[in-house]
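Structure, as structure tokens:
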Amino acid sequence: MTLALGNVTFDCDDANTLAEFYAQLLDRPVDPEASAAFATVGQTAGASPVLMFIQVPDKTPGKNVVHLDFHSVEWRNYVERAISLGAKHVGDFDEYGQQWVTLADPEGNLFDIGKE
């Protein structure tokens, strides 16, 4: 059983614009089909971790805007493990062709565990 860091996710106003910034900084292309709502850098190149940018027009005050995305084939087991270690379940999501659970660590920092 392994848990891997899959993405570093940025909540932002314009996903494509921020992805372009980091793509240029890292000398990597923005992945195809980027939009103002969703973009990635490194996914088609097989980079790890992938940088993921998601448009969040009304950022939640106090919410970290950069967070870790973990993934595993046994992702539900890791969600339960994280909760048993003191994480708080925040919500379940199924968007952009991905399924994941958002959790908060014992200090309230958000992170995701998703399906590989």
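Computed from heavy atoms alone, side chains included, the values below leave out hydrogens, waters and symmetry copies. The structure presented is a predicted model; accordingly, all values stated were derived computationally and were not measured.
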### Backbone of D94 reached by a side-chain donor or acceptor of Q99 within 3.5 Å
no

### Task
Tell me, please, which residues at least two apart from F10 pass ring pair (Phe, Tyr, Trp, His ring centres under 6.0 Å).
Y22, F53

## Note on the structure
Shortest non-hydrogen pair, A23 vs P29, comes out as CB-C, 4.1 Å

### Message
Quick check: do P49 and N7 have side-chain heavy atoms less than 4.5 Å from each other?
### Response
no

### Task
Report the residues that fulfil side chain to side chain donor-acceptor pair (under 3.5 Å) with S48, sequence neighbours left out, ordered by chain and then residue number.
none

### Message
Holding to side chain to side chain donor-acceptor pair (under 3.5 Å), I want the full list of residues that pass it with D31, two or more places apart in sequence or in another chain.
### Response
T40, T44

### Query
Linking I/L/V/M/F/W/Y whenever any side-chain heavy atoms sit under 4.5 Å apart, do V79 and L85 land together?
no

### Message
Just to verify, what does K88 make a side chain to side chain contact (heavy atoms under 4.5 Å, CB included) with, not counting sequence neighbours?
### Response
A104

### Message
Holding to ring pair (Phe, Tyr, Trp, His ring centres under 6.0 Å), I want the full list of residues that pass it with F70, two or more places apart in sequence or in another chain.
### Response
none

### Task
Start with the C-alpha distance between H67 and T102, add both sets of side-chain angles, then the distance that settles side-chain contact (heavy atoms from CB on, under 4.5 Å), and finish with yes or no.
CA-CA 10 Å; H67 64 272; T102 297; over 6 Å; no

### Query
Residues in ring pair (Phe, Tyr, Trp, His ring centres under 6.0 Å) with F93, at least two apart?
W100

#### Entry: Which residues share a side chain to side chain contact (heavy atoms under 4.5 Å, CB included) with A87, sequence neighbours left out
A82, L103, F111

### Query
Which heavy-atom pair separates A39 from A34 by the least distance, and what is that distance?
CB-CB, 3.7 Å

### Task
Just jot down the side chain to side chain donor-acceptor pair (under 3.5 Å) partners of T9, sequence neighbours excluded, or say none.
D69

### Query
Looking at side-chain heavy atoms only, is the closest gap between Q43 and L51 below 4.5 Å?
no

### Query
Going only through I, L, V, M, F, W and Y residues with side-chain contacts under 4.5 Å, is there a path from V65 to V8?
yes

### Task
Each residue besides V50 in its hydrophobic cluster should be listed here, by chain and number; the cluster joins Ile, Leu, Val, Met, Phe, Trp and Tyr at side-chain heavy-atom distances under 4.5 Å.
none

### Query
Is the count of non-hydrogen atoms from other residues, nucleotides or ligands lying under 6.0 Å from E33 atom CD greater than 12?
no

### Query
If you group Ile, Leu, Val, Met, Phe, Trp and Tyr by side-chain heavy-atom gaps below 4.5 Å, do V101 and L5 land in one group?
yes

### Task
Evaluate the criterion side-chain contact (heavy atoms from CB on, under 4.5 Å) for residue pair N16 and F38; output intermediate values, then yes/no.
CA-CA 7 Å; N16 190 53; F38 181 77; over 6 Å; no

#### Entry: With R76 via salt bridge (charged side-chain N to carboxylate O under 4.0 Å, His left out) - residues at least two apart
D92

### Message
Hydrophobic clusters here meaning ILVMFWY residues chained together by side-chain heavy-atom distances under 4.5 Å, can you tell me if I83 and L110 are in one?
### Response
no

### Task
Would you name the heavy atoms of H71 and E116 that are closest together and state the gap between them?
CD2-OE1, 2.8 Å

### Message
Other members of the hydrophobic cluster containing V73, with the 4.5 Å side-chain heavy-atom rule, please.
### Response
none

### Query
Are V30 and M52 grouped together when hydrophobic residues (ILVMFWY) are joined by side-chain heavy atoms under 4.5 angstrom apart?
no

### Task
Quick one: closest heavy-atom pair of S72 and L3, and the distance?
CB-CD1, 4.0 Å

### Query
Does any non-hydrogen side-chain atom of Q55 lie less than 4.5 Å from one of D13?
no

#### Entry: With D14 via side chain to side chain donor-acceptor pair (under 3.5 Å) - residues at least two apart
T17

